[in-house]
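Worth knowing before you read on, the calculation uses all heavy atoms, side chains too, and leaves out hydrogens, waters and symmetry mates. By convention in this document, chain letters (A, B, ...) are assigned in the order of the sequence lines, proteins followed by strands, and residues within each chain are numbered from 1. Keep in mind that what you see is a predicted model, and the values were worked out from it rather than measured.
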Protein chains: 2
Amino acid sequence: MTDPIAHTDAGPAAPTRRELNKAATRQAITDAALGLLRSKGPGNFTVEDIADTAGISRRTFFNYFSSTDAALASIVHGFLDNAIKQLRLRPVDEPMLESAQAALMALADPRAVAPLAELFTLTQQSPLMSHTELEAWDHCRAQVFTVARERLAGTPGAQDELYIHALAGSIISCGKAAMEVWFSRRGPDLTPASLAELRQLLIDAMALLATGFNTPAPPSATRSS
Amino acid sequence: MTDPIAHTDAGPAAPTRRELNKAATRQAITDAALGLLRSKGPGNFTVEDIADTAGISRRTFFNYFSSTDAALASIVHGFLDNAIKQLRLRPVDEPMLESAQAALMALADPRAVAPLAELFTLTQQSPLMSHTELEAWDHCRAQVFTVARERLAGTPGAQDELYIHALAGSIISCGKAAMEVWFSRRGPDLTPASLAELRQLLIDAMALLATGFNTPAPPSATRSS
DNA sequence: TGCAAACTTGCACATAGTGTAAGAGTGTGA
DNA sequence: TCACACTCTTACACTATGTGCAAGTTTGCA
């Protein structure tokens with residue numbers, strides 16, 4: 001904010017020292033949390049454990065995250081924020097579903113999905129998706145909603161709130177559905193073939209939204225199986 | 001609440017004393033929680049407050065609910081469990097979306113929505129939907145998924161996991177969308193006209209899922225506005 | 001260099017959530 | 001009607017969570 005040095009958005013990194021430190025601490029925390037999740041299993045470690053492993057105080061942990069759950073869900077947040085970023089890069093006159101599909105394609109990438117896949121496999125044995133994880137998806141839904149509203153603001157009589165809400169929610173649900181199916185089929189498999197299947201699932205899911213669920217027979221299943 | 005004289009319970013339930021007591025306690029807790037939410041606002045009361053108001057011990061509270069949030073979300077749970085019950089009453093050969101729509105129609109009823117509407121208006125000022133509330137919707141989604149899978153198990157080559165996951169998730173999302181739009185338009189208005197609008201929104205939302213979101217123009221908005 | 005802002009940390013404290021064992025209420029068969 | 005088993009409630013103790021606060025440390029900047 002009080003930064004005379006220009007904000008190099010597209011540039012490499014945030015130059016100031018403070019930001020680097022904060023990012024490093026944040027990373028140390030999530031690394032520690034993920035490590036403990038690996039070694040001890042979900043629910044078997046405390047905030048203090050994470051803080052000790054990350055080399056910070058318990059209090060500092062809470063300066064970054066509001067709970068262990070939130071620290072782990074930051075992985076999901078990172079993934080989804082990236083998705084939103086991709087979505088916003090799409091031309092504004094492109095149909096929403098095509099934009100969504102394109103944004104998701106960009107994320108069916110080993111580097112992006114790897115942390116998510118590990119988190120998923122590590123917490124899958126746990127009853128169901130953690131509260132904070134659900135919240136992360138809902139946060140993403142809200143952002144998709146915003147994007148959709150911005151786009152449709154141009155069209156004439158279309159201040160159709162229901163359409164936008166339903167669209168945003170359904171995009172998220174279908175994205176989630178594709179991921180769930182993929183994980184349940186492939187587990188932590190990140191081979192090109194597996195990622196190709198993920199991409200196909202995402203395409204199929206978006207296609208379902210485009211054409212509707214009333215297609216008499218489910219559209220001859222996915223070619224990917 | 002330890003009242004030996006039971007009152008008229010209409011219905012085929014097994015009215016053993018223990019079950020009645022438990023149900024009464026449970027009700028006392030949610031009533032107390034809702035009352036405190038009304039009087040003090042979200043986040044401004046503790047489990048102990050609820051327990052005191054309900055006339056039970058703090059420990060007993062935790063025998064029923066795992067958090068204040070969960071106690072309040074039981075309202076949402078009740079509503080959605082009811083929806084699932086309605087859904088299961090539909091003939092198994094009916095298309096899912098029609099069943100969903102019919103089940104939702106049955107719940108656009110003052111008695112069913114009133115608690116939900118109040119909870120919504122009381123927590124709306126709060127940042128966003130509570131964790132446990134999201135969990136309640138997700139639980140409902142899982143049940144819709146189960147129903148859909150049971151139904152489509154009969155059809156020949158349709159073990160299409162993606163279709164079922166996407167359908168269940170989208171139904172929930174669109175139901176939520178309709179409710180959100182309704183609440184934002186009408187607030188806690190439960191007049192017949194308002195409920196008719198809710199019904200129309202639910203119908204429109206399900207229609208979107210049936211025909212797809214690619215309808216060139218949003219389908220001439222809702223007739224209800 | 002020195003000041004101001006931002007960040008970290010230790011401490012105190014209220015609250016959340018759980019295990020345990022004793023007590024009170026409830027169902028059941030003799 | 002009583003006695004016994006079962007279930008639910010409660011008090012207590014204890015660990016963990018989350019936050020306010022003030023003092024200490026690091027970073028930015030003139």
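- For the pair A/N44 CG and D/dA16 P, the computed distance is 12 Å after rounding to whole Å.
- The interatomic distance linking B/E19 (CD) with C/dG25 (C1') rounds to 15 Å, in whole Å.
- B/R38 CZ: more than 12 foreign heavy atoms inside a 6.0 Å radius.
- In the set D/dT17, C/dA16, C/dT9, C/dT9 carries the atom at the smallest distance from any side-chain atom of A/T60.
- With hydrogens and angles left out, the side chain of B/R18 and the base of D/dC6 share a donor-acceptor pair within 3.5 Å.
- Spacing between atom CZ of B/R26 and atom C1' of D/dT7 amounts to 17 Å, rounded to whole angstrom units.
- Between the side chains of A/S170 and A/S173, no donor-acceptor pair is found at a separation under 3.5 Å.
- Note on A/Y64: every side-chain N or O is 4.0 Å or more away from OP1 and OP2 of C/dC7.
- Within the 4.0 angstrom heavy-atom criterion, no nucleotide atom of any strand lies near B/F61.
- Using a 4.0 Å cut-off, no side-chain N or O of B/T25 falls inside it from OP1 or OP2 of D/dC8.
- Taking the nucleotide of DNA chain C with the nearest heavy atom to each of A/N63 and B/V47, the more 5' of the two is matched to A/N63.
- Computed from coordinates, the A/D69 CG to D/dG18 P distance equals 9 Å when rounded to whole Å.
- Atom CD of A/E48 is separated from atom P of D/dG18 by 13 Å (rounded to the nearest Å).
- Out of D/dT27, D/dG20, C/dG27, the shortest distance to the side chain of A/R59 is found at D/dG20.
- When the side-chain nitrogen and oxygen atoms of B/T16 are compared with OP1 and OP2 of C/dG27, one or more of them lie within a distance under 4.0 Å.
- The line from CZ of A/R26 to CG of A/N21 is 14.5 Å long, rounded to the nearest 0.5 Å.
- Here the nucleotide nearest the side chain of A/S67, chosen from C/dC7, D/dA13, D/dG18, is D/dG18.
- The side-chain contact (heavy atoms from CB on, under 4.5 Å) with A/C140 is formed by just one residue from the set A/L80, A/I171, A/V76; it is A/L80.
- When heavy atoms are screened at a 4.0 angstrom cut-off, A/F65 is found touching no nucleic acid atom at all.
- With hydrogens and angles ignored, no donor-acceptor pair closer than 3.5 Å exists between the side chain of A/R58 and the base of C/dG10.
- Protein atom CD1 of B/I29 is 12 Å distant from nucleotide atom C1' of D/dC8, rounded to whole Å.
- By the 30° and 60° cut-offs, the orientation of the rings of A/H77 relative to A/H139 is tilted.
- For the pair B/F62 CZ and C/dT15 P, the interatomic distance rounds to 12 Å; values are reported in whole Å.
- A salt bridge links B/R88 with B/E150: the distance from a Lys NZ or Arg NE/NH1/NH2 to an Asp or Glu carboxylate oxygen falls below 4.0 Å.
- In the set C/dT26, C/dG27, D/dT10, C/dT26 carries the atom at the smallest distance from any side-chain atom of B/N21.
- Between the CG atom of A/D52 and the C1' atom of C/dT9 there is a distance of 13 Å, rounded to whole Å.
- Put simply, the side chain of B/R17 and the base of C/dT26 share no donor and acceptor less than 3.5 Å apart.
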